[in-house]
A.B. asks: 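Pasting a structure below so you can have a look.
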2 protein chains.
Amino acid sequence: MFQFSIPRWRLSNAKAEAPRNSYCVFALGRRPSGNMIRPFARCRLPTALLAKFRARNAAGLAVADLIKQLFSRERSFAAGTDLARQFSQPANCALLIEGVAAQYRILSNGRRQITSILVPGDFVNLHSMIVGQEPYSVLALDMCRVLVAEAEQFRSALSNSTELGRILWMETLTEAAIQRESIVSMGRRTALGHLAHFICELHERVSMVGKAAGNSFQLPLTQSDLADALGLSVVHVNRLLKTMRSDGLLSWSNSVVSILNEYKLREIAEFDPSYLGFRQVRQAGVSFSEA
Amino acid sequence: MFQFSIPRWRLSNAKAEAPRNSYCVFALGRRPSGNMIRPFARCRLPTALLAKFRARNAAGLAVADLIKQLFSRERSFAAGTDLARQFSQPANCALLIEGVAAQYRILSNGRRQITSILVPGDFVNLHSMIVGQEPYSVLALDMCRVLVAEAEQFRSALSNSTELGRILWMETLTEAAIQRESIVSMGRRTALGHLAHFICELHERVSMVGKAAGNSFQLPLTQSDLADALGLSVVHVNRLLKTMRSDGLLSWSNSVVSILNEYKLREIAEFDPSYLGFRQVRQAGVSFSEA
DNA sequence: CGCTCTGTTGAGCCGCATCAACACCAGTGG
DNA sequence: CCACTGGTGTTGATGCGGCTCAACAGAGCG
């Protein structure tokens with residue numbers, strides 16, 4: 001049913017072939033390989049989101065029900081397709097429930113910067129629901145499944161429930177916190193620290209929505225994607241991963257990351273997960289699904 | 001009345017003396033010098049914020065009145081003092097109406113990264129009103145004046161008006177958009193482009209709240225602050241400024257930036273102001289106060 | 001007066017980019 | 001069956017952008 005072999009835009013070192021001066025959110029995608037590990041349960045309805053709310057002690061039952069009602073239709077996107085396009089005025093709001101996506105921007109020299117990675121439980125286009133227009137595009141890196149709500153219904157629900165607004169506003173605040181942390185990494189961490197922080201954060205986020213298997217989780221990024229997320233070159237990312245592997249910090253193959261020495265990794269990253277806003281703190285080395 | 005000579009934390013290349021692993025928002029401050037230019041009208045009440053709303057066609061009169069009522073008390077902060085502290089649970093919400101502030105983070109090696117600059121019309125601690133705890137601190141770079149609202153009253157106003165929530169949520173969305181743009185700059189722009197973008201953005205934001213005088217505006221950052229905002233070294237920032245000056249792009253002295261060749265500057269920056277969310281677009285080279 | 005903060009410039013070096021080549025794999029078409 | 005292609009990962013060689021260290025000048029302040 002889904003085309004997995006859709007040619008993906010070359011992300012790093014792309015010079016001439018891609019749209020310019022635009023933000024994008026894209027589903028990061030790669031072809032399934034024969035021995036690809038998919039150990040994670042499918043996420044039905046917005047359980048990923050609700051797990052996040054729970055971890056934050058954030059949402060009451062009423063809001064959870066409201067969200068369930070609003071986001072009732074499901075859509076799928078093949079890897080390499082756009083979940084959202086910059087400057088469009090989408091007719092519905094999407095909540096990612098499976099897969100990994102990335103919002104990005106391309107400059108006129110063809111260089112690309114991924115500004116954020118979306119995992120299940122994240123909203124794709126809250127911005128456009130409030131401001132009216134997509135500020136970037138989103139690409140599916142993986143095969144992505146989303147739940148959609150009609151923009152009209154969504155907006156009217158917002159104007160009837162201050163609680164719903166507060167909860168979703170909190171999502172935006174967390175997104176901003178994540179981006180701040182990313183700015184810190186880019187500006188003042190070493191390349192290795194930046195990479196370590198990136199991985200720690202994604203592990204934490206994926207764990208919190210019940211999508212990690214202990215210290216392993218699925219992360220369908222190519223090294224090229226990773227380079228564009230970190231603001232480094234592909235070659236350098238390759239070498240960083242090599243040193244991490246040889247230092248016994250992690251393994252990464254077939255889109256599955258396994259953190260082998262979480263303590264050390266966090267130390268290198270100076271990772272402090274409090275900015276993610278989870279009250280329920282995951283002990284390093286112990287994932288929720290084990291607890 | 002105000003102490004201007006408060007020793008400021010050394011921002012760049014600070015090695016050992018500063019608090020660690022913490023976000024901060026600080027009022028960026030510098031001493032007033034004899035010939036310091038202060039050509040800008042003082043901002044009474046939340047006029048800066050209201051100008052912003054107007055530029056976005058965002059807020060109705062009811063909300064504007066509500067905000068005026070809520071933010072009725074005024075406080076001042078000397079340059080170098082904290083407007084907000086990480087991990088605190090502030091008892092009120094602050095809206096900056098004069099001065100410039102910065103939120104930042106310090107890593108264990110003593111390096112500092114400024115994650116965002118606040119100008120009049122920006123809220124200091126919306127995050128903590130919703131999430132409950134400051135995610136960073138804010139330092140006054142300048143002498144800062146803020147209007148404050150009681151957290152209790154603020155929260156109850158939020159739970160009574162979905163419109164108020166929507167408007168303030170929009171502020172957070174814009175903040176996130178600004179940070180995304182900063183990530184793009186850090187990752188994929190040249191250092192010169194990054195600096196150019198930084199200046200274009202601040203000029204735009206300051207203009208939109210009526211605080212610029214044509215192509216000049218007050219920007220009380222030291223080169224050290226600037227380095228920490230851009231993620232560069234002080235020395236390199238100094239050299240970038242030198243080339244910009246000698247290329248006739250801008251002048252910058254006594255905390256006043258004058259953009260001399262806005263077209264060229266925007267070109268270098270690949271600056272597209274649409275992410276700031278202003279419907280009412282300022283023509284390059286023409287400021288509102290002139291129109 | 002000395003002290004601190006800021007801005008400025010030079011010298012030297014390193015982290016990371018760039019360029020290039022090659023290996024591997026999955027598809028694809030003859 | 002094969003050659004061929006495009007995406008990805010890997011490694012070496014080389015060079016540059018920006019960092020680090022260091023020194024000095026000017027301004028404001030105690």
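None of the values given here were measured: they were computed from a predicted structure. Each chain gets a letter, A, B and so on, in the order its sequence line appears, and its residues count up from 1.
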A.B. asks: Take atom CD of B:Gln223 and atom C1' of D:dG26, then tell me their distance rounded to the nearest Å.
C.D. replies: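 B:Gln223 atom CD is separated from D:dG26 atom C1' by 14 Å.
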A.B. asks: Between A:Ser255 and A:Gln218, does any side-chain donor sit less than 3.5 Å from a side-chain acceptor?
C.D. replies: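 Not at all, the side chains of A:Ser255 and A:Gln218 share no donor-acceptor pair under 3.5 Å.
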A.B. asks: Quick one: A:Leu195 CG to C:dC16 C1', roughly how many Å, whole number?
C.D. replies: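 To the nearest whole Å, that distance equals 14 Å.
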A.B. asks: Going by an N to O cut-off under 4.0 Å, is there a salt bridge joining B:Arg180 and B:Glu175?
C.D. replies: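 The answer is no: the pair does not qualify as a salt bridge.
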A.B. asks: Please determine whether a side-chain nitrogen of the Lys or Arg among A:Arg205 and A:Asp122 lies less than 4.0 Å from a carboxylate oxygen of the Asp or Glu.
C.D. replies: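 Yes.
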A.B. asks: Look at A:Arg245 and D:dT10 and indicate whether a side-chain polar atom (N or O) is within less than 4.0 Å of OP1 or OP2.
C.D. replies: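 It does, given that an N or O in the side chain of A:Arg245 lies less than 4.0 Å from OP1 or OP2 of D:dT10.
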A.B. asks: Verify salt bridge (Lys or Arg N to Asp or Glu O under 4.0 Å) between A:Asp247 and A:Lys264, making sure each step is shown before the conclusion.
C.D. replies: CA-CA 10 Å; A:Asp247 290 353; A:Lys264 192 89 179 292; 5.6 Å; no
A.B. asks: When you check the gap from the basic side-chain N to the acidic O, do B:Glu201 and B:Arg266 get nearer than 4.0 Å?
C.D. replies: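 No, B:Glu201 and B:Arg266 are not salt-bridged.
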A.B. asks: Have a look at A:Thr115 and tell me which of A:Arg105, A:Gln103, A:Gln179 forms a side-chain hydrogen bond (donor to acceptor under 3.5 Å, both in side chains) with it.
C.D. replies: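 Of all the options given, the one that passes is A:Gln103.
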A.B. asks: From NE2 of A:His194 over to C1' of C:dC16, roughly how many Å is that when rounded to an integer?
C.D. replies: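 From A:His194 NE2 to C:dC16 C1': 14 Å.
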A.B. asks: Between D:dT8, D:dT10, C:dG7, which nucleotide has the shortest distance from any of its atoms to the side chain of A:Asn238?
C.D. replies: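 The answer is D:dT10, which lies nearest to the side chain.
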A.B. asks: Take the protein atom NZ of A:Lys242 and the nucleotide atom C1' of C:dC16, then report the distance between them rounded to whole Å.
C.D. replies: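 Atom NZ in A:Lys242 sits about 16 Å away from atom C1' in C:dC16.
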A.B. asks: Would you mind building the protein contact string for nucleotides 14-19 of chain D? One character per nucleotide, 5' to 3', B for base within reach (heavy atoms under 4.0 Å), S for sugar-phosphate only, - for untouched.
C.D. replies: ----BS
A.B. asks: Provide, to the nearest angstrom, the distance between the CG atom belonging to B:Asp225 and the P atom belonging to C:dC5.
C.D. replies: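 Rounding to the nearest Å, CG of B:Asp225 and P of C:dC5 are 13 Å apart.
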